[in-house]
Chemist: 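Here's a structure for you.
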Amino acid sequence: MAFADPHLQIPDRYIRAAGGGGVVVVGDGESLELPVVDMARLLDPEHREAEVALLGSACRSWGFFQLINHGVDEAVIQKMKDNTVQFFELPLEDKNTVAVRPGGIEGFGHHFRSSAGKLDWAENLIVETQPFQQRNLEFWPSKPPTFRDSIDKYAMEMWNLTTRLLRFMASDLGVEQETLLAAFHGKRQTFGLHRYPPCRHPEKVIGISPHSDGFGLTLLLQVNDTLGLQVSKDGRWHPVRPLPGAFIVNVGEILEVLTNGRYKSVFHRVAIDAERGRVTVVVFQDACINGLVKPLPELGETPRYRAIGKSEYFKGHTAEVLGQGERFIDTLKK
Ligand SMILES: O=C(O)CCC(=O)C(=O)O
Ligand SMILES: [Fe+2]
């Protein structure tokens with residue numbers, strides 16, 4: 001396997017024509033840092049107003065922020081990190097017991113592929129964690145033995161964190177909290193666990209091709225401190241330097257539509273390190289209004305996107321990911 005032996009040639013199906021991770025990354029000195037939102041200040045009546053404004057401005061200008069003092073149970077986070085690393089360290093035949101099936105989404109394998117048929121330099125495990133009744137336990141690894149329990153507990157923590165964030169976003173947007181919460185309540189929650197091995201020629205490959213996330217909200221946890229995530233702003237790629245213990249939160253395309261374009265879902269990608277591997281735990285929270293992707297009527301604005309059914313939306317978004325061109329939601333703009 002290409003990842004296992006550093007002396008092997010990089011197989012052609014991983015090599016990117018335009019130089020994979022290497023184009024227009026801003027240098028250290030000029031790099032803008034992601035906004036940092038402090039949950040402790042959001043919860044403190046004395047600082048709430050200013051912090052809600054900061055949260056809102058982060059979602060409008062960057063579509064990304066780091067979240068500190070988030071209040072998520074540290075033991076649950078640590079267990080999730082440990083088990084994720086232990087899973088990826090298993091022999092391939094163990095990981096393949098939950099292999100993704102042809103045409104399927106859940107399971108272990110290489111999930112992201114550009115239109116040119118190139119593979120991303122990563123292995124991934126994708127599992128749906130909510131709604132509870134839709135869990136396919138056949139794709140939940142039984143090794144390491146505590147993994148399923150870790151995923152279950154982490155899933156609950158991430159849903160609680162999502163509801164906390166949505167309340168403050170609603171306040172920034174000037175809508176009732178319940179209105180925004182209802183769009184997310186009972187919807188899908190999907191885990192994407194990623195391992196990006198080091199590569200001797202990082203400029204030739206890419207960890208995840210440029211994309212914007214298709215669900216409502218994304219909550220990303222770095223398992224180790226290897227850099228890799230880059231966010232597009234003003235036409236350039238900005239490397240994200242995760243603060244210790246922080247979550248990286250970003251607006252997905254559905255939240256952009258729900259907010260009638262006030263919040264932005266932006267392109268990001270993952271570059272590969274020459275020496276060190278990188279592991280992330282990503283949780284996607286889905287949303288819709290009665291089966292439709294459309295702006296919240298409670299905003300009281302003329303909708304800037306036409307309403308579309310969920311399955312048509314996902315078809316369009318999948319084509320966007322494969323084509324890496326225009327964002328699908330831009331085609332919904334009126
Ligand atoms: O692993 C990362 O840093 C980014 C992952 C990502 O963008 C995704 O799963 O959509
Ligand atoms: Fe993403």
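Counting convention: from 1, in listed order, for ligands and their atoms alike.
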Chemist: So, taking the atom named CZ in Arg304 and the one named NZ in Lys334, what distance separates them when rounded to the nearest 0.5 Å?
Modeler: 11.5 Å
Chemist: Which atom, among the N/O/S set of Asp213, is closest to the Fe ion (ligand 2)?
Modeler: OD1
Chemist: Number the atoms of ligand 1 from 1 as they appear, then name those within less than 4.0 Å of a heavy atom of Tyr196, with their elements.
Modeler: 1 (O), 2 (C), 4 (C), 5 (C)
Chemist: Run the numbers for me: atoms of ligand 1, each under 4.0 Å from some heavy atom of Phe284, listed by number.
Modeler: 8 (C), 9 (O), 10 (O)
Chemist: Show which atoms of ligand 1 fall inside a sub-4.0 Å distance from at least one heavy-atom site of Thr280.
Modeler: 1 (O), 2 (C), 3 (O)
Chemist: Counting only N and O atoms by type, is there a donor-acceptor contact under 3.5 Å from the side chain of Lys187 to the main-chain atoms of Ala182?
Modeler: yes
Chemist: Which ligand 1 atoms does His194 reach within 4.0 Å, using its non-hydrogen atoms?
Modeler: 1 (O), 5 (C), 8 (C), 9 (O)
Chemist: May I have the angle between His211 NE2 and His268 NE2 with its vertex at the Fe ion (ligand 2), rounded to 10°?
Modeler: 90°
Chemist: For His268, take its heavy atoms, then give the atoms of ligand 1 lying under 4.0 Å from any of them.
Modeler: 7 (O)
Chemist: Ring-plane angle category for Trp121 and Tyr14, please: parallel below 30°, perpendicular beyond 60°, tilted otherwise.
Modeler: perpendicular
Chemist: Quick check for you: to the nearest 0.5 Å, what is the distance between Gln189 atom CD and Phe184 atom CZ?
Modeler: 12.0 Å
Chemist: Side chain, backbone, both or neither: which part of Thr218 has a heavy atom under 4.0 Å from ligand 1?
Modeler: neither
Chemist: Please verify the inter-ring angle class for Phe284 with Phe215; under 30° counts as parallel, over 60° as perpendicular, anything in between as tilted.
Modeler: tilted
Chemist: Quick check against the 3.5 Å criterion: does Glu176 have a side-chain atom that pairs as donor or acceptor with the backbone of Glu178?
Modeler: no
Chemist: For atom 10 (O) of ligand 1, which of Gln230, His211, Arg278 has the closest heavy atom?
Modeler: His211
Chemist: Can you tell me how far OG1 of Thr259 sits from CG of Asp172, rounded to the nearest 0.5 angstrom?
Modeler: 9.5 Å
Chemist: Taking 4.0 angstrom as the limit and counting only heavy atoms of Leu220, give me the atoms of ligand 1 inside it, by number and element.
Modeler: 2 (C), 3 (O), 4 (C)
